[in-house]
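Notes follow the structure.
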Number of protein chains: 2
Amino acid sequence: MMEADVQTETKTQEKRGRKASKELRQMQLIEATIDSLAKRGYAETTLADVADGAGLSRGIVNFHFESKDKLLVATLQHMADEYANHWTAQLEAAGDDPARQLWALVAADFDRRICTRRKLAAWCAFWGEAKSRPTYQALCGARDERYQQTFVSLCVTLKADGGYGFDAEGMALSLCAMMEGLWLRLMLGDGLTRETAYAAAVEFVVAAFPRHFTHAGVLENGRS
Amino acid sequence: MMEADVQTETKTQEKRGRKASKELRQMQLIEATIDSLAKRGYAETTLADVADGAGLSRGIVNFHFESKDKLLVATLQHMADEYANHWTAQLEAAGDDPARQLWALVAADFDRRICTRRKLAAWCAFWGEAKSRPTYQALCGARDERYQQTFVSLCVTLKADGGYGFDAEGMALSLCAMMEGLWLRLMLGDGLTRETAYAAAVEFVVAAFPRHFTHAGVLENGRS
DNA sequence: ATTTATTGAATGAATGTTCAGTCAGTATGT
DNA sequence: ACATACTGACTGAACATTCATTCAATAAAT
């Protein structure tokens with residue numbers, strides 16, 4: 001899963017670079033943590049399992065991270081950063097057209113790199129503990145803050161442009177919620193595939209913004 | 001939380017009825033388990049906490065349920081039953097009109113009795129462990145099976161009636177996912193209220209079925 | 001030689017499970 | 001009526017296990 005990266009790093013960085021090796025170990029342990037969360041769930045994730053998964057010794061986690069708790073926080077932080085970086089990049093790559101931007105954001109959530117069983121399972125594990133752990137809640141919430149605002153802005157713009165009757169904030173909220181709900185279902189299994197989930201999301205976006213999208217993609221009309 | 005029921009039961013059943021007392025205890029323990037899940041999360045829920053919450057002794061759970069695991073399964077089963085009973089009842093109360101039925105199902109998910117912080121938190125706790133516990137997965141999935149099919153049927157009917165262009169299965173999936181996603185957000189806090197979440201769901205439904213609903217409710221036209 | 005990374009056995013706290021005993025309520029015998 | 005035996009819910013201390021954490025010893029790099 002992350003062995004490939006480790007191998008690469010080993011070849012390129014092994015001889016020189018004590019500092020780099022340290023960060024490498026931390027990444028290695030974080031990836032092993034995600035594996036364990038996905039395989040055994042939050043409650044059954046043990047440091048022993050993480051260490052085994054990384055092919056290292058038992059005490060290693062407490063050396064690189066101070067405690068199990070900090071390892072988990074670092075793992076969630078890592079996932080939150082990765083997620084934010086991804087949608088931000090996709091948003092910028094979409095150019096200036098709001099319709100294209102919204103389309104890109106929806107697609108970003110179902111990107112192969114982000115929308116993995118493994119990572120969805122890890123997200124869900126943290127969600128399950130978030131209510132009783134303020135730190136998790138903050139990191140899960142921080143994920144939403146900018147994301148949600150971006151959606152609201154796009155809905156406001158598209159509403160004005162297309163003359164839709166919906167409330168922009170409500171629509172933005174239901175859109176975001178729908179995608180998270182699809183993630184949840186993907187994780188729960190049920191034979192739902194990433195493609196099917198993406199298709200369902202598209203279905204709704206097309207229904208909500210009929211003057212901007214079809215199932216084939218973004219409509220090319222400027223404005224009325 | 002459930003003390004009221006206990007008192008009632010005590011008055012009506014205490015003298016006679018050893019059997020009834022047993023089921024009462026089990027319910028009491030299940031409610032205490034939901035409390036603990038909501039307050040401390042799945043990972044931190046201990047039998048001691050459950051027993052304390054129920055005001056009973058430490059060994060009580062292993063007496064009424066065989067193990068911690070079975071207590072948790074019984075708790076999830078209880079919640080799943082309650083949920084299914086609720087939406088089934090609301091569906092039947094809605095009469096024969098598909099539009100009214102869909103409207104009722106959406107409203108049911110945000111009903112005061114079902115959509116409690118406490119219960120949402122417990123659901124989410126189980127979701128977080130579902131991937132690694134086939135038993136949980138089955139119970140969470142069973143919840144979906146009939147529910148999902150009902151939504152698909154309604155979408156098919158309304159599509160034919162309203163001449164909508166969406167794919168019915170995709171729309172049904174995105175609808176269900178949206179409501180689960182809203183539950184998730186409700187649980188994560190963020191100052192989102194049940195009313196706001198419900199409004200967002202309505203926004204979605206109105207946008208998707210414009211010939212059947214407005215923000216005010218179900219449109220009264222028969223067909224074209 | 002010194003610093004740094006790593007190991008793995010030891011430790012102790014947390015907690016699920018067991019079980020011998022307590023006690024109320026109920027039936028049985030006188 | 002009264003005493004006795006019995007049943008079954010309930011208790012709480014003892015036990016066993018799991019697991020995060022610590023740390024002295026070791027290996028590796030500079």
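Reckoned from all heavy atoms, side chains included, excluding hydrogens, waters and symmetry mates. Fair warning: this is a prediction, and the values are worked out from it, not measured in the lab. Lettering of chains follows the sequences in order, A, B, ..., and the numbering in each one begins at 1.
When the shell of 6.0 Å around CD of B:Glu169 is examined, it contains 12 or fewer heavy atoms from other residues, nucleotides or ligands.
Interatomic distance, A:Ile34 CD1 to A:Thr116 OG1, rounded to the nearest 0.5 Å: 9.5 Å.
The distance between atom NZ of B:Lys70 and atom P of C:dT18, rounded to the nearest whole Å, is 10 Å. Atom P of nucleotide C:dG21 and atom CD1 of B:Ile60 are separated by 19 Å, given to the nearest angstrom. In this structure, B:Glu44 places its CD atom 11 Å from P of C:dG16, rounding to the nearest Å. With rounding to whole Å, B:Leu72 atom CG is found 14 Å from C:dT15 atom P. Between B:Phe65 atom CZ and D:dA9 atom C1' there is a gap of 14 Å when expressed in whole angstrom units. One atom, CZ of B:Arg58, and another, P of C:dA20, lie 21 Å apart when rounded to the nearest Å.
Residue A:Asn62 places at least one side-chain N or O closer than 4.0 Å to OP1 or OP2 of D:dT21.
Among the nucleotides D:dC10, D:dT21, C:dT7, the one closest to any side-chain atom of A:Lys68 is D:dT21. Checking D:dA20, C:dA5, D:dA9 against every side-chain atom of A:Phe63, the shortest atom distance belongs to C:dA5.
A ring-centre distance under 6.0 Å is not found for B:Tyr42 and A:Tyr42.
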